[in-house]
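Notes follow the structure.
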Amino acid sequence: MHFYDYFRSSAAYRCRIALNLKGLEPERTFVNLRTGEVRSDWYSKVNPQQLVPALVDGDATLTQSLAIIEYLDDVHPEPAFMPKDPLGKARVRGISQAIACDIHPLNNLRILNYLTGELGQSEDAKNKWYAHWVDLGFTAIEAQLAGSAHTGTYCHGDTVTMADICLVPQVFNARRFNVDMSPYPTIVRIDEALSQLPEVAAAAPGKQPDAV
């Protein structure tokens, strides 16, 4: 198993958490997003989308973090990242996708670079853009978590699910961009509980070999 990673990629961060929780230690290659290494000829052959992460397992190359996480859960079923019941699965997928599909893509590095580059927006405008989409997404997720009896220590009950795996990197990035987290006490509480897990803590960007 070989994992293509970058320390500050939220999507790669999710997969690092998942790999750690499964007790897996793949070989790793670090692909620098800021220098454009993801657009290099060699990496484009690994992942034509020119994005990280990518996971090579045998003859298969997997892309997209949620697909990788669900694959790991299918192939290495313990500990499980998804509830057994259909409604629980749908709830966890819904929270995961609210982060990975609605918040994160609008604030991805290539989007932010396009704002300040091609569109000529200022750093202040970029940061306002970032905070706007995080606030919009977190407001909805906070209401969903705070208002549900299914929320426990973590997003869904008292075991870590894919929803938690998605939440941690998004909270990290929100704080990196100085987003006020006080309106989201349930999210903050869950993130704090997750941060106490060694597998989650070890996946943090600053602890990666390519961190700069």
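When a residue number appears, it is its place in the shown sequence, counting from 1.
- Of the possible donor and acceptor atoms, none in the side chain of Thr153 sits under 3.5 Å from a partner among the backbone N and O of Asp158.
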**Request:** Quick one: do Glu25 and Asn20 satisfy side-chain contact (heavy atoms from CB on, under 4.5 Å)? Show the steps, please.
**Result:** CA-CA 7 Å; Glu25 296 182 6; Asn20 289 350; over 6 Å; no
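- Between the side chains of Ser10 and Asn173, at least one donor N or O sits under 3.5 Å from an acceptor N or O.
- Taking the ring centroids of His132 and Tyr130, they lie at or beyond the 6.0 Å cut-off.
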**Request:** Please lay out, stage by stage, how Arg16 and Gln208 fare under the test side-chain contact (heavy atoms from CB on, under 4.5 Å).
**Result:** CA-CA 10 Å; Arg16 291 197 301 267; Gln208 306 316 303; 3.4 Å; yes
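- Remark: side-chain polar atoms of Tyr4 are not paired, donor with acceptor, to backbone N or O of Ala12 under 3.5 angstrom.
- With a 6.0 Å cutoff to the six-membered ring centre and a 45° limit on the axis angle, Lys22 counts as a cation-pi contact of Phe81.
- Dense packing is recorded around CD of Gln196, with more than 12 heavy atoms of other residues, nucleotides or ligands lying under 6.0 Å away.
- Looking at heavy atoms from C-beta onward, Phe3 lies out of side-chain contact with Leu62 at the 4.5 angstrom threshold.
- The backbone N or O of Cys155 sits less than 3.5 Å from a side-chain atom of Asp164, completing a donor-acceptor pair.
- A salt bridge is absent between Glu123 and Lys128; no separation between the charged side-chain nitrogens and carboxylate oxygens falls under 4.0 Å.
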**Message:** Test side-chain hydrogen bond (donor to acceptor under 3.5 Å, both in side chains) on Tyr184 and Asp135; report intermediate values, then the result.
**Reply:** CA-CA 9 Å; Tyr184 317 116; Asp135 285 332; 2.8 Å; yes
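- The line from CD1 of Ile99 to CD1 of Ile141 is 4.5 Å long, rounded to the nearest 0.5 Å.
- Using a cutoff of 4.0 Å between basic side-chain nitrogens and carboxylate oxygens, Asp85 and Lys89 are not scored as salt-bridged.
- Under 3.5 Å, the side chains of Thr116 and Gln121 contain no donor-acceptor pair of N or O atoms.
- Looking at Asn32, its side chain never comes within 3.5 Å of a backbone N or O of Glu37 through a donor-acceptor pair.
- Counted within 6.0 Å of NE2 on His150, heavy atoms from surrounding residues, nucleotides or ligands total 12 or fewer; the atom is thus considered open.
- Proximity of a side-chain donor or acceptor of Glu142 to a complementary backbone N or O of Thr186 within less than 3.5 Å is detected.
- Although no hydrogens or angles enter the test, the distance criterion places a donor-acceptor pair under 3.5 Å between the side chain of Asp210 and the main chain of Phe7.
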**Item:** Evaluation steps, side-chain contact (heavy atoms from CB on, under 4.5 Å), between Val188 and Val171
**Value:** CA-CA 8 Å; Val188 170; Val171 172; over 6 Å; no
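- Checking side-chain atoms of Ser148 against main-chain N and O of Gln144 turns up no donor-acceptor pair under 3.5 Å.
- Between Leu66 atom CG and Cys166 atom SG the span is 5.0 Å, to the nearest 0.5 Å.
- The distance between the ring centers of Tyr6 and Phe30 does not fall below 6.0 angstrom.
- Within the 4.5 Å cutoff, side-chain heavy atoms of Leu19 are placed close to those of Pro26.
- Open room surrounds CZ on Arg110; 12 or fewer heavy atoms of other groups in view lie less than 6.0 Å from it.
- Around atom CG of Leu87, no more than 12 heavy atoms belonging to other residues, nucleotides or ligands sit under 6.0 Å away.
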**Message:** With side-chain hydrogen bond (donor to acceptor under 3.5 Å, both in side chains) as the criterion, how do Arg91 and His156 come out once you've worked through the C-alpha distance, each side chain's angles and the decisive distance to 0.1 Å?
**Reply:** CA-CA 8 Å; Arg91 182 172 184 266; His156 191 81; 2.9 Å; yes
